[in-house]
Amino acid sequence: MQSSPPGPAREQWSSRIGFVLAAAGSAIGLGNIWRFPYVTGQNGGGAFLILYLACVVLLGAPVMVAELAIGRHGRRNPVGSFEAIRPGSFWKIIGYAGVLTGVGILSYYAVMAGYTLGYIFKSLAQDATPFADFAANPLVGLPLFAVFLVLTVLVVYGGIRNGIERWSMILMPLLLALLLVLIARSVTLEGAERGLAFYLKPDFGKVTGHTIVAALGQAFFSLSLGMGAMITYGSYLSKRDNILVSGVSVALADTLIAFLAGLLIFPALFASHLDPTAGPSLVFEVLPRIFGTLPAGRFIGAAFFLLLSIAALTSTISLLEVATAYLVDEHKLSRHRSVWVVALVALLVGIPSALSFGSVPFFSKLPWIGWDFLSLMDWIFGNLMLTLGALGISVFFAWVWKTRNAALEIREGCPGFDRIAWVLDLMLKVVCPIGIVVILVFLFLNLG
Ligand code: TRP
């Protein structure tokens, strides 16, 4: 994925496993370990988990395959791929929305990633400042945010084949191992059972329209779907790759990590009598408490936040890559210039988010809605836009491009696909569009 000229000579992943790791790297990130626990906490626990899993299987996995197929066939960024499949049509508007959404998500995601970076040093220094005070200092939040964006730029800049592909191979299993160790500690804390019950025993009485919308949004967010990140990554796939197997593997890995993150957070949260509905600050308050109970906890804490920062980095790369690929393919900008332009926009758009944890009262509690700016950005881009994007992608795939044409693409590298093509067709033609529209109607009725 270094400087990739548009057209048939487009650069490809170095290997199948390289792609799966890069795509899993995109999917696995703060969405699993920061966002999933806090959204689950706000939406009542167990029932949310079940809805989330249902959304991943019924809507997420099919959209994943659709995005990869559109990308490999179009061999372009999202805008270019829609244009390649249906030239001159308005469908590329989904691509434009995706490019915009990517920058929107990057702008606040890098803020949280910056705090994660800061927590590496905070843990090492055994600094006990609560998250609220730590994050309320703009002289901490803004530089960390900028540093994280620059790190992202440097990786996307230099190409990810040799850097991130190789790094992910070592570091992601390490993150998994550390998660398992920490879970063992968390579930043996006194009072952990109540956390397990909250997380694993569904109480469907708590389900509202909002819960369902949140579950769907979380599924798309966590899988990096709905804005063309997987279209872009798919555009670097070769015809020998198996889209179906790769896509499903990525979805499985992502879901496993999110599930484990819940298993880590909720027992510890209930053991220390914290509030599950605390929102975006949740994991930053809960995790240090677990580290505090461990021998050499400061080093374990630092290692954990280091791995989490790297997981976040492999996600911000994909967010930056979409708009970059768009500028390179469609506007013939150089890769280097594109990367800086996009990062600069994300930096400017992200400043209010970086000031929304108390440093500026206005952004910390917006008039009218009462939310902080970062949560608002997350709701608009990380939830609503992704859901609309996924709706557009499924309709485009099944009704416009049509599954039988797409099957010619997917069949390459996956000869057995024809036998199950009808399942994908049913999902993308009927289940996804109807499911998403019903959920959105719920949402707006609720808001009204
Ligand atoms: N999926 C990533 C996470 O869970 C975030 C992310 C990266 C993303 N690229 C994306 C979300 C594209 C939506 C779309 O942390």
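When a ligand or atom number is given, it counts from 1 through the structure's own listing order. When a residue number appears, it is its place in the shown sequence, counting from 1.
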Main-chain N/O of D329 paired with R76 side-chain donor or acceptor, under 3.5 Å: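 Not at all, since once roles are kept as given, no pair shorter than 3.5 Å links the two residues.
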S186 side chain to L182 backbone, donor-acceptor under 3.5 Å: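 No, the answer is negative, given that no donor and acceptor are paired below the 3.5 Å cut-off.
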E330 bridged to K92 by N-O distance under 4.0 Å: no
K122 to F134, cation-pi by 6.0 Å centre distance and 45° axis angle: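 That pair qualifies as a cation-pi contact.
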Pairwise side-chain hydrogen bond (donor to acceptor under 3.5 Å, both in side chains) hits with a residue in residues 100-112, at least two apart: Y108-D378, Y109-S315
Donor-acceptor side-chain pairing of S224 and S26 below 3.5 angstrom: yes
Protein residues that have a heavy atom under 4.0 Å from any atom of ligand 1, sorted by chain and number: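 S26, A27, G29, L30, G31, N32, I105, Y109, F221, S222, S224, M227, A229, S315, S318, L319, L386.
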